[in-house]
Amino acid sequence: MNRDFNRIISAMNAEEKVALLTGSGLWRTASLPQHGIGDIVMTDGTYGVRYSSAQIDGSEKWSMDDFISVITQTADQASAEEPAAKGGSEALFSTSLPATCFPNGSSLACSWDTELVYQMGQALGRECQHMGVGILLGPGINIRRTPLAGRGYEYYAEDPVVSGDIAAALINGLQDEGVGASLKHFAANNSEYRRTEMDSIIEERALREIYLAGFHRAIKKSQPWTVMSSYNRLNGVQTSQDPFLLTQVLREEWGYDGLVMSDWYGIKDRPASLMAGNDLAMPETRRDKLTLLAAIEADEVSMDVVDRACHRMLELLDKVQRHRRPQTQADFPAHHMLAQQLAAESIVLLKNEEDLLPLRPEKNRRIAVLGKPAQEPVIQGSGCATTVPYLLDRPLDEIFDLAGDDFNVTWAVGAPDDLRCDEHALAEARAVAQEADVAVIFVSTAVGEDGENGDRQDLNILAVHERLIREVAAVQPNVIVVLANSDAVVMPWLSECNALLETFFAGQGMGRAVAEILFGKRNPCGKLTVTVPNTLEETPAWLNYPGENLRHHYGEGLFVGYRYYDKRRLTPQFPFGFGLSYTQFTYSDLAISADSLREDETLTLSFDLTNTGRRDGKEIVQLYVSAPDGELIREVRALKAFTKVELAAGETRRVSLQLPIAELACYHPGLADWVVTPGTWKMHIGSSSRDLPLRVDITVDCPVRYVPLRDDNSLQQLIQQPEAFARVVELIAAKSQRPAEQVREKLIRLAPDLFCGLLIALTEFLALDIERDELNAVLAGRQ
C-alpha cells in the first residue's frame, strides 16, 4: 500500500470512507482497489485459529446462519470430525480448518509462564500466516468475577496482574510473527447473561483498579494492534460508543494509538460509536453504513473524526500487509508438542494425600481408568473460540502408551451418557476399580454449558460423574480424579478422592500431559488463577448476580476473588495461587534493596528458594503487598509480581523480584488520580495467596495528597490537612483579633463536638463574619 495516508484519505469521498470503516462480510475489511487499498482477514480465537477455508479463499458468501453457527458451536461439535490421533495425518475437513487447539485461557494462565505463552503466541502467528489471517481476535482478558460466566474459560484470572502479563506475552509472540492481536472485550464484559443488554454498574475505583487494570498492563507491555470493545453497557453507556472508555481512558490517559473495533454486531449507534473512538464496525451491516453516511452528510459527525479513524484503519492495513508472509508453512506437529508442554505446565495438582501420585509399579501396578472423558476428552469451551484440533491426545491412549509393561491398565466407561446413569456401566466400573490398586476417574462439567450469550447454571460437575466418583470410592480406597471444566466447580465429592488434577480446558495436548504427570514423567507445577469456592453462594458476586432491570451492580467493588476471601477472613476450598508439586520448596533469607523508597523508585526483593525434595521441579513465586491504613478502603493483600523458577532436586537459587513503587498506587475518586499512600507497606512472598512465609516492611516516602476541602466539611477533616488548617487559623485570627496559636488550640479542642460543616461552625458557633466564597477560597489556597 502507498503509505501516504493523508493523500489517500483526501482522495476518498464520504461513501468510500464509510466503507473503509466498516467490515466487508463477516471476517474481512473493505477492499477499495481504486485507492490501492486491499482487504485483510480476521478471525477468532483466543487459543486457536478458527477459520473456514472457503472464507479464507474468499469463495464463500456469508449469511446470518454462518454467524449463528459460529457462536453456537459446541466443543463436541468441533471435535466431531475425528481429528487425527497423535502422529497421524491431518484431521478430516470440517467447517473450520484444523488448527492447534492450545489450552484455553482458564487453563493457560495456570502456567504463570510468560516465556512459554510467548511461544504460543508465535505459534498462533505462524498458523495465522499459514491460513492468510492478518488479525487474530484475542486474547480475551475480562476478569473472572463469577465462575458462572459463560466465557470464563477464555479468560485468564480473577486478578489484573496475571491477566495483563499473560496477555502481553501472547500478544508479543503473535505480533512478532506479523499478525495483529485484538485485545478484548473492553470492558467489564464479565458475564454472558443478556450480554448485549446488561448495564455493568461499577464504581470508579473498582473499574480502574480491577476491570481496566489488566487491559492497561497488557497495552503498556505489548501495544496490541487493535482493541475490541464489548457488548455490554458500562455505567449507563454502551461500551462501543463510550467516550470515557474509548477516548479519555484508552487514548488520552493510556496513550493507545492503535485501532478500536467493535465486537460482532456490537454497535447500536454507529455515528455515536465513531465519535466516541470506535473506528471499525464489524461485521458489515447496511444500516451502520447508511446511518454513518447520513450523519456525515448532515454534519453531525465531523470529517476530522472520520479522517482520524480512516488514518488508523490505513495504518493497520499497512501494518498487516507489510508483515504478510504468504509462504509460511505452520509446523503443526511441533505446535502439538508445544500444546502438550503448555498443558503440562498448566495442570494444577490440588490434592495428593499420602503421595499417591505419581503412580509407581511397586505400589500401583494395577490401574483402573474410568470415565468417558478418558476416551473423549473435554479440551475446550463452546462458542466463537472453538477450534477444530489438528491432532488430539486421548488420555486413555496415552496412559496405555506410558504404562508399557510396568503396569496393568484396565478401562471402563462408567457413565456413557452425560444425562442419565447407566447402572450396568456403573457396576462394570465398580468391578474394574475393585480389582485394581488405584482408580483414575476422568470427570467434567457438561459440554456446552459454557459459551456465548448464556452463563452456567451452577458450579457442579455432571451428576453422573459425581455418582461415578462416589460409587468407585466405596470399593476402591485409592481414587485419583482428573477434572475438566470451564471455571471453578464446587467439590462435595472431594473427600472421596485421594488425588485431584485440575486441567480446566487444557487443549489438544491434555491427554499426553495428564499421562506424563500421572506417571511422574513431568512434575506438576501449575497454580490456580482463581479462588475455588466451597459453595456458589459464598462467591463475591453472588448477591448481585445476574442483576435485575438490565442493571448488574458490581456490589463487591474491589473485593473480587481472593481479595474478598481475605477481607472476610473466609477459607475457600482452594486459594488463589495454590498448586502442589511432587517436590517441596522453602523460602529464606529475604533482603531488599532499600527500606525506604520514593514513588519514582523501584524496590528489588531477593531471597533464597530451595528445592528440598527429591525431584526436579518448578515453583511459581508470588509477591503480595499490604497497604498502610489510610483514607480509602484497601484489600488485605494484592498480587504485584510473580515469576516461575525451575530448580533441580536439592538446588538453591537466589531469586529477585522487581516492584516499581508507582505500581502501589490506588485510584482516588476524590482526586480523580492515582495516588501512592505514604507510610509502612508490608511485602509478602510465597507460594500462594494464603502461604506467604517471607515478609518485610518498607517505608514509602511521598507527599500526602488531600481531597480539596469544602465549606461543608467538618472541623475534624480540616485539622487532618495541616496546610489548609493553618490558612483557616490565620483567617479566624484576623477576623477575631486573637493570636493564631490561641485560635488553633480552641479549634482542636472544639473539633470533636462540632458535627456541622465548617461554615456553620465558624459563623454560628464562633459568631465570625465569614462569607462562603471567602472560606472556600482560603480552603483552596487561593487567598
Side-chain angles (χ1 to χ4, degrees), residues 17-18 20-22 141-142 182-190 195-216 218-220 223-282 285 287-289 291-296 298-313 315-316 550-552 554 667-669 671-674:
K17 292 176 182 180
V18 168
L20 181 64
L21 300 177
T22 311
I141 63 165
N142 294 103
S182 191
L183 186 64
K184 64 184 187 183
H185 307 88
F186 193 63
N189 183 182
N190 304 104
R195 59 180 175 168
T196 65
E197 305 170 77
M198 294 300 290
D199 188 358
S200 299
I201 308 297
I202 314 174
E203 60 91 10
E204 192 169 11
R205 270 196 72 199
L207 176 63
R208 288 181 175 271
E209 293 185 30
I210 303 295
Y211 298 99
L212 298 184
F215 285 95
H216 187 202
I219 287 169
K220 185 167 58 174
Q223 287 299 313
W225 294 359
T226 74
V227 168
M228 182 188 293
S229 57
S230 55
Y231 284 124
N232 55 292
R233 291 179 175 87
L234 174 60
N235 292 331
V237 183
Q238 201 75 38
T239 60
S240 61
Q241 55 200 57
D242 188 349
F244 163 76
L245 196 61
L246 303 182
T247 296
Q248 179 186 324
V249 173
L250 183 62
R251 299 203 183 278
E252 295 172 1
E253 295 181 18
W254 297 355
Y256 179 69
D257 61 1
L259 178 126
V260 175
M261 72 170 75
S262 73
D263 205 340
W264 267 232
Y265 301 102
I267 286 177
K268 297 189 177 180
D269 184 330
R270 181 57 179 132
S273 74
L274 185 65
M275 289 188 290
N278 203 124
D279 306 302
L280 175 63
M282 289 299 297
T285 66
R287 178 182 295 273
D288 280 348
K289 287 183 172 182
T291 56
L292 181 54
L293 184 59
I296 294 170
D299 291 327
E300 295 169 358
V301 176
S302 76
M303 195 56 72
D304 286 344
V305 170
V306 175
D307 288 352
R308 183 168 60 243
C310 286
H311 200 279
R312 291 182 188 132
M313 191 66 201
E315 286 180 330
L316 175 66
L550 298 182
R551 291 162 65 86
H552 191 168
Y554 286 44
Y667 189 80
H668 198 308
L671 294 168
D673 201 3
W674 291 87

key: Residue list, salt bridge (Lys or Arg N to Asp or Glu O under 4.0 Å) with Arg205, at least two apart or on another chain   = Glu209
note = NE2 (His185) and CG (Asn190) are apart, to the nearest 0.5 Å, by 11.0 Å
query = Who are the ring pair (Phe, Tyr, Trp, His ring centres under 6.0 Å) partners of Tyr211, not counting sequence neighbours?
reply = Tyr554
query = With sequence neighbours left out, what residues match Arg208 under salt bridge (Lys or Arg N to Asp or Glu O under 4.0 Å)?
reply = Glu204, Glu253
request  = Grab the two heavy atoms, one from Val260 and one from Gly277, that are nearest each other, plus how far apart they are.
outcome  = CB-O, 3.4 Å
query = Mind checking whether His668 and Asp673 have side chains closer than 4.5 Å, heavy atoms only?
reply = no
inquiry  = Distance check, rounded to the nearest 0.5 Å: Arg551 atom CZ versus Glu197 atom CD?
reply    = 14.5 Å
message = Tell me which pairs pass salt bridge (charged side-chain N to carboxylate O under 4.0 Å, His left out) where either residue lies in residues 229-250, with sequence neighbours left out.
response = none
ask   = If you look at every heavy atom in Asp279 and Arg251, which pair is closest and at what distance?
value = OD2-NH2, 3.1 Å
task = Could you tell me the separation between the OH atom of Tyr265 and the CE atom of Met282, rounded to the nearest 0.5 Å?
result = 9.0 Å
remark   = With sequence neighbours left out, the residues meeting side-chain hydrogen bond (donor to acceptor under 3.5 Å, both in side chains) with Glu203 are none
query = Does the side chain of Asp288 come under 3.5 Å of the side chain of Thr22 through a donor N or O and an acceptor N or O?
reply = no
inquiry  = Donor-acceptor pair, distance only, cut-off 3.5 Å: does the side chain of Asn278 make one with the backbone of Leu280?
reply    = yes
Under the ring pair (Phe, Tyr, Trp, His ring centres under 6.0 Å) test, residues paired with Phe186 that sit two or more places apart = Phe215, Trp254
request  = Would you check, one step at a time, whether the test side chain to side chain donor-acceptor pair (under 3.5 Å) holds for Ser273 with Ser240?
outcome  = CA-CA 6 Å; Ser273 74; Ser240 61; 5.8 Å; no
message = Going by the rule side-chain hydrogen bond (donor to acceptor under 3.5 Å, both in side chains), which residues pair with Arg308 if we only count those two or more places apart in sequence or in a different chain?
response = none
ask   = Any idea which heavy atoms bring Ile267 and Ala281 closest together, and the distance?
value = CD1-CB, 3.6 Å
ask   = Quick one: ring pair (Phe, Tyr, Trp, His ring centres under 6.0 Å) partners of Tyr667, sequence neighbours excluded?
value = Trp674
message = Between Trp225 and Glu315, is there a side-chain heavy-atom distance shorter than 4.5 Å?
response = no
remark   = Interatomic distance, NE2@His311 vs CG@Leu20, rounded to 0.5 Å, equals 11.5 Å
key: Closest non-hydrogen atom pair, Ser262 against Ser229   = CA-OG, 3.4 Å
inquiry  = Checking the side chain of Tyr256 only, and the main-chain atoms of Pro224 only, is there a donor and an acceptor separated by less than 3.5 Å?
reply    = yes
query = What heavy-atom pair brings Ala276 and Thr247 nearest, and what distance separates the two atoms?
reply = O-OG1, 2.6 Å
query = Please, which pairs that meet salt bridge (charged side-chain N to carboxylate O under 4.0 Å, His left out) have at least one residue in residues 262-273, sequence neighbours excluded?
reply = none
key: Gln223 side chain reached by Ile219 side chain, heavy atoms, under 4.5 Å   = yes
ask   = Who passes salt bridge (Lys or Arg N to Asp or Glu O under 4.0 Å) against Glu300, sequence neighbours left out?
value = none
key: side-chain hydrogen bond (donor to acceptor under 3.5 Å, both in side chains) involving His216 - partner list, sequence neighbours excluded   = none
message = Using modelled atom types and a 3.5 Å cut-off, is there a donor and acceptor pairing between side-chain atoms of Gln241 and backbone atoms of Leu274?
response = no
task = With the side chain counted from C-beta on, respond yes when Leu245 and Leu212 share a heavy-atom pair under 4.5 Å apart, and no when they do not.
result = yes
message = Going by side-chain hydrogen bond (donor to acceptor under 3.5 Å, both in side chains), name the residues that satisfy it together with Asp304, two or more places apart in sequence or in a different chain.
response = none
message = Restricting to non-hydrogen atoms, name the atom on Asn189 and the atom on Ser230 that form the minimum distance, rounded to 0.1 Å.
response = CB-CB, 3.9 Å
message = So, taking the atom named CG in Leu234 and the one named NE2 in His552, what distance separates them when rounded to the nearest 0.5 Å?
response = 12.5 Å
Asn232 side chain to Asp199 backbone, donor-acceptor under 3.5 Å = no
